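Below is one structure; the comments refer to it alone.
Letters A, B, ... are given to chains in the order of the sequence lines, protein chains preceding strands, and every chain is numbered from 1. Model, not experiment: these values are computed from the prediction.
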Amino acid sequence: MKNWLILLAGTGVLALLPLLGDNYLMRLATMVAMYVILAQSWNFIGGLAGYPSFATAGFFGLGAYTSAVLQGMGVPLFASWGAGGLAAVIFSALVGGAILHLRGHYFAIASLVTVEVLREIVNTTPDITGGGMGLNLPIMRMTVAEHATFFFYSMLAVAFACMACAIVVHKSKLGFALRCIQQNEDAANILGVNAYLYKTIGFGFSAVFAGIAGAIYASWVHYIEPPDVFDVLISVKPLVMVLLGGLGTIFGPVIGAFILLTFEEFVWRTFLTVHAAALGVIIVALVLFLPNGVLSLTREKLGLRRRAAGEKR
Amino acid sequence: MTMTHKVFSAALVASLLAFGASGAAAQDVIRIGAPLPLTGPLSPEGLKQQRGYDLWAETVNAAGGITVGDTTYPVEIVYVDYASNTPRAVQTAERLITEDRVNFLFSPFGSGAAKAASSVSERYGIPTVAATASSAEVYDQGYQYLFGTFTPNDTLTEPLSDIVTSANPDVKRVAILARNDLFPLAIAQEMEKSAQARDLEVVMFERYAIGTMDHSAAVTQMRAAQPDWVFATGYINDLILIRRQLADQGVDPAVITMIAGPAYREFIEAGGALAENVSSAAWWHPAVRYDGEDIFGTTENFNAAWEARYGGEADYAEASAAAAGAILQLAIEKAGTIEPSAVRDALASLDVETFYGHVRFGETGQITSLEPPVFQIQNSRPTVVFPEAIKQADFLFR
């Protein structure tokens with residue numbers, strides 16, 4: 001219940017942002033929402049089940065290209081976004097079936113390769129995807145403010161859905177099963193948890209929202225090329241965000257998304273050419289000093305209190 | 001931990017405040033935004049553009065500024081690095097327009113990024129000059145505010161094909177190796193068309209991925225195809241590598257053409273003897289001679305200014321960046337105001353001579369009036385072989 005209240009309140013406050021009328025702030029907010037989606041998506045498979053997936057960029061790019069190609073064929077906007085998410089889920093089920101029996105580093109590498117494969121497929125089918133020349137999306141004739149507001153609300157709505165889904169999953173049998181898998185997959189199997197099925201479902205959850213986010217992103221920027229939407233950074237950033245916020249938690253990914261974007265923006269403004277190095281140093285420092293994420297600060301306090309309470313008894 | 005926590009929150013709050021801070025800008029200066037890849041794989045290209053913009057801005061400010069009606073404005077170029085990452089270039093464009101309040105924009109480097117960022121400047125109605133985007137696909141979206149200083153790609157491949165086929169009828173077989181990226185791929189496709197129009201046989205057409213570090217498979221395939229003419233496209237680092245691997249495998253055709261890179265000093269320095277006889281085409285060359293109405297005046301003047309500021313000669317990318325500024329200045333002076341839509345109209349109707357060549361933009365906003373020179377590296381120097389008026393030597397075959 002508390003989680004729902006936090007989610008509703010947070011979304012409600014963010015939804016007021018267009019009142020400020022600052023389009024660049026709206027762009028940043030849209031990116032935060034997109035980062036939240038990507039981080040929370042990764043959290044389903046990486047945080048809960050403990051499978052270090054690098055396939056996020058694959059889902060993102062697949063969603064982007066699916067919706068872009070469909071829109072080029074005259075499919076309406078929202079239907080094409082849905083199709084982007086659907087394509088990502090179908091792809092995740094097919095690939096998940098093949099690579100989810102791998103564990104640890106092996107799974108990480110296999111998932112990374114799926115991104116490369118998708119990128120190469122797009123590169124080598126120029127008749128459909130434009131190949132290396134990229135793909136244009138239909139331009140929307142609306143004012144600057146309408147454009148910014150529309151994409152902000154779209155991304156926020158998906159982020160909300162993704163968060164709601166996370167809250168439900170964390171409390172459900174699926175969430176329990178995924179946590180069992182993370183702790184000891186063999187034991188979980190012996191106890192009757194169908195690990196293979198649950199992992200695949202978890203992988204599917206990590207795909208659907210990322211795919212929709214990719215689709216919205218494509219419409220937002222009007223032009224996509226393979227190196228942009230299949231960028232390996234799109235796979236790495238969610239991981240960093242979840243680690244920053246707190247692994248396997250509901251609001252950790254949100255906090256991580258805010259922190260990462262804030263730091264990116266801050267560092268990029270302050271250091272004209274050494275921003276990449278500066279950002280790297282900050283991330284390393286954060287991971288060193290807060291290995292369990294920012295949320296661990298509150299959890300530590302709670303833990304102390306509980307222990308104190310136990311001693312009294 | 002609480003200490004860390006406090007520092008952390010303070011940093012967050014401070015950086016959030018920083019977002020709002022840099023808003024208002026006094027309107028006694030003309031500000032032009034320039035998103036450039038100053039770091040990352042495209043940084044050599046980004047730095048070239050920066051040199052061109054800087055020379056223009058310094059020249060303008062030394063002359064007092066741009067005169068608009070009764071007032072004279074100095075110019076200020078606001079640089080932001082986008083780390084060779086296209087989505088970041090798009091974000092940069094929006095930041096420059098909304099936060100830094102720039103009056104005009106120079107596009108990010110290359111066709112792909114220029115195209116991606118143009119949707120932002122179009123939405124805000126900010127006139128944008130692209131100094132390094134040639135592919136017709138960049139200008140095919142019906143945008144009103146985007147102008148480019150490079151002619152379409154076929155204006156490079158057509159004269160090249162004419163020269164090669166007329167001087168040496170034995171050249172029959174063409175092998176094309178293209179970087180799978182907007183501009184290099186687009187120009188390779190134009191080359192294929194130009195070759196086919198002249199009954200040349202295209203014996204190979206391969207694409208290589210961005211970031212490829214080994215071309216040996218493609219070069220092996222090329223050797224088997226026995227081409228008389230190798231046409232490779234990409235950016236400078238790709239092309240140096242391809243040239244070396246051609247030599248390693250003993251592929252030695254009558255003609256080697258590479259676009260875009262041989263015009264740069266760096267290509268000749270890195271390639272050494274291998275750079276000899278490599279032919280290319282570009283949109284500008286220091287040997288061209290025009291008598292312009294812009295701030296630089298004649299091409300000789302521009303070359304002298306460049307020599308004094310940086311030493312050596314400008315290449316086409318550097319000249320194009322300086323020309324982008326000079327052209328924008330002409331349009332602002334013609335419009336008599338810095339109001340964006342008036343400057344946009346002035347750009348669209350520009351018909352003027354500059355140090356860079358004659359400037360007239362077509363329907364799509366791309367320049368149509370340049371005659372790009374064809375050149376070849378001879379004795380470690382880019383030597384013009386076309387057009388006739390400025391020709392320095394004949395085309396050499398191996």
Worksheet item: Is there side-chain contact between A/N136 and B/E137, with heavy atoms separated by less than 4.5 Å?
Response: no
Practice prompt. Report yes if some heavy atom in the side chain of B/T98 is under 4.5 Å from a heavy atom in the side chain of A/R27; otherwise report no.
Written response: no
Worksheet, complete the sentence: To the nearest 0.5 Å, atom OH of B/Y143 lies from atom NE2 of A/H222 at 5.5 Å
Worksheet item: Does the side chain of B/R123 come within less than 4.5 Å of A/E146's, by heavy atoms?
Response: no
Worksheet, complete the sentence: Most contact-rich option vs chain B, by heavy-atom pairs under 4.5 angstrom, among A/L233, A/D231, A/D228, is A/D228
Practice prompt. Would you mind reporting whether A/E264 and B/R88 have side-chain heavy atoms less than 4.5 Å apart?
Written response: yes
Worksheet item: Of all the residues in residues 58-67 of chain A, which have a heavy atom that comes within less than 4.5 Å of a heavy atom in chain B?
Response: none
Discussion item. I need the A/L137 CG to B/Q141 CD distance, nearest 0.5 Å.
Written reply: 9.5 Å
Worksheet item: Under 4.5 Å between any side-chain heavy atoms of B/K115 and A/E225, yes or no?
Response: no
Response to the item:
Whatever's closer than 4.5 Å to a heavy atom in chain A on B/R207 counts as side chain
Worksheet entry | Proximal component of A/P226, with respect to chain B [non-hydrogen, under 4.5 Å] | neither
Worksheet item: Please walk me through it: do A/Y24 and B/Q91 pass side chain to side chain donor-acceptor pair (under 3.5 Å)?
Response: CA-CA 9 Å; A/Y24 188 67; B/Q91 188 189 344; 3.2 Å; yes
Worksheet item: Minimum heavy-atom separation for A/Y223 to B/G112, with atom names?
Response: CE2-O, 3.5 Å
Item to complete: Specify the closest pair of heavy atoms between A/W268 and B/D81, including all atoms of both residues, with the distance to one decimal.
Response: NE1-O, 2.7 Å
Worksheet, complete the sentence: So, the part of B/A186 with a heavy atom under 4.5 Å from chain A: the answer is both
Discussion item. Can you tell me how far apart CG (A/N123) and CD1 (B/I210) are? Round to the nearest 0.5 Å.
Written reply: 7.0 Å
